[in-house]
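Proteins get letters first, then strands, A, B, ... in listed order; numbering begins at 1 in each.
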Amino acid sequence: MLRALEKGADGVCIIGCMEGECQFKTGNLRARKRVEQVQRLLNSIGLDGERAQMYNLSSSDAPLFARYAEEMDERIRGLGPNPMKKKKNAA
Amino acid sequence: MIVADKKPVEEIIEYVKDCRKVLVLGCNECVTVCEAGGKKEAGMLASALRMYYANQGIEDAQVDERTLERQCDHEYLEEIRDIADQYDAIVSIACGVGVQFTAEKYHNTTVYPGVNTCFLGATEQRGLWTERCQACGQCILAYTGGICPVSRCAKRLFNGPCGGSSDGKCEINKELDCAWQLIIDRLKAIDRLDLYEKLFDIKDWSTDRAGGPRKVQREDVQI
Ligand code: SF4
Ligand code: SF4
């Protein structure tokens, strides 16, 4: 997640399976904790924590996937470009 | 194991904000298990620092990451011999032992601690570590049913419990088990309440910190 943001991604969204239905039992819960860690870390270095998001989705639910993708798109458009990208382009 | 907790990234930034070349040094042992200073945490901290510098418009900053098998052993610390002095600072996210050993070995490089070293403890569950031992140097667990009154009794009593024990809880905190209640329950379970009847002699604390910094010297293994 951090690597993508460091390289200039405007946002990173992690999509896990539905809570309680993970094949790896707690993989999706751990992923959510990781995303929260990254959000806190981003806030503390002056970047927007909201650039990292966690969603849960069942693999067959394409319409919901599309809705989450739109939501993420709106969110990052609202936040504007990742400042890391500007730095990269300037360099 | 040695249990450590992450330092807030703001505190680490405060240490290194004027540096331009920083090495984040993780450790593969205790601090990996308690998710404070392993390879993953080194990667996250290094990435956060790189983004911090970039966001401040500091373009010539370089932050590298490396994780050693242990930082409390010469042989592993030697692995950074050729590169250590290239850095303005090393942020060691090993326990306090690792930070100090790194600093002793690489005399001319500033070494900052990236975690708070807390205690010797166990992983009760993911994300919950609790203290079990204060390394008093003269273990008495044989007489206390395997439960340590030095680390787990708030008053370090040897002939407990005190009058504050109530419903199996310690008077300093109702969430905390009374160590002496645990000792009695355990001695009962192993049918050794006779040990509880025995009065402890005054403990020799010279093997604890009271005797100054300690060392273990083993001629049987020294070469
Ligand atoms: S440096 Fe500290 S954390 Fe690393 S192995 Fe040694 S004691 Fe454990
Ligand atoms: S009695 Fe001393 S050595 Fe034994 S567990 Fe307690 S503090 Fe550690």
Side-chain angles (χ1 to χ4, degrees), chain A residues 1-14 16-17 19-54 56 72 75-76 78-91, chain B residues 4-20 22 24 26 31-67 91 93 112 114-116 123-129:
Chain A
M1 266 180 281
L2 284 169
R3 221 166 285 278
L5 291 161
E6 206 185 318
K7 287 190 168 161
D10 293 323
V12 176
C13 117
I14 302 289
C17 33
E19 292 190 359
E21 292 173 18
C22 177
Q23 203 184 343
F24 303 100
K25 296 201 165 125
T26 53
N28 52 357
L29 305 178
R30 290 170 66 166
R32 177 169 295 279
K33 291 286 179 177
R34 285 254 166 222
V35 171
E36 288 165 5
Q37 277 185 27
V38 166
Q39 290 175 330
R40 278 194 297 274
L41 202 58
L42 291 174
N43 285 331
S44 45
I45 55 173
L47 296 177
D48 225 304
E50 275 191 77
R51 291 188 189 278
Q53 288 295 327
M54 171 83 198
N56 296 89
M72 191 69 197
R75 190 191 308 269
I76 53 184
L79 293 171
N82 177 354
M84 291 304 112
K85 187 152 48 191
K86 275 193 253 160
K87 305 271 147 44
K88 275 210 144 31
N89 292 343
Chain B
D5 199 2
K6 283 179 163 181
K7 270 191 187 292
V9 71
E10 291 89 338
E11 185 179 335
I12 298 171
I13 286 172
E14 200 47 42
Y15 299 146
V16 299
K17 62 180 194 296
D18 296 325
C19 300
R20 289 298 169 265
V22 176
V24 176
V31 288
T32 294
V33 181
C34 60
E35 300 186 42
K39 195 171 177 196
K40 273 189 195 162
E41 291 74 27
M44 283 179 78
L45 178 58
S47 178
L49 291 177
R50 281 191 293 268
M51 287 196 272
Y52 162 79
Y53 285 122
N55 204 29
Q56 298 298 308
I58 303 167
E59 272 150 31
D60 56 342
Q62 179 185 333
V63 183
D64 297 329
E65 59 204 68
R66 182 89 181 247
T67 299
V91 178
I93 52 175
Y112 293 113
V115 299
N116 292 319
T123 310
E124 283 208 31
Q125 49 177 266
R126 189 137 196 252
L128 176 65
W129 294 272

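- A donor-acceptor contact shorter than 3.5 Å is absent between the side chain of A/Asp10 and the backbone of A/Pro81.
- Between B/Arg50 and B/Glu65, some side-chain heavy-atom pair lies under the 4.5 Å cut-off.
- Partners of A/Asp48 according to the side chain to side chain donor-acceptor pair (under 3.5 Å) rule, which considers only residues two or more places apart in sequence or in another chain, do not exist here.
- Per-residue heavy-atom pair counts under 4.5 Å with chain A were compared for B/Gly43, B/Gly127, B/Ser47, and the maximum is reached by B/Ser47.
- Atom CE of A/Met54 and atom NZ of A/Lys33 lie 12.0 Å apart (nearest 0.5 Å).
- Between A/Glu19 and A/Asn28, some side-chain heavy-atom pair lies under the 4.5 Å cut-off.
- Using a distance-only test at 3.5 Å, with no hydrogens or angles considered, a donor-acceptor pair links the side chain of B/Glu41 to the main chain of B/Gly38.
- Heavy-atom proximity under 4.5 angstrom to chain A picks out B/Lys6, B/Val9, B/Glu10, B/Ile13 from residues 5-13 of chain B.
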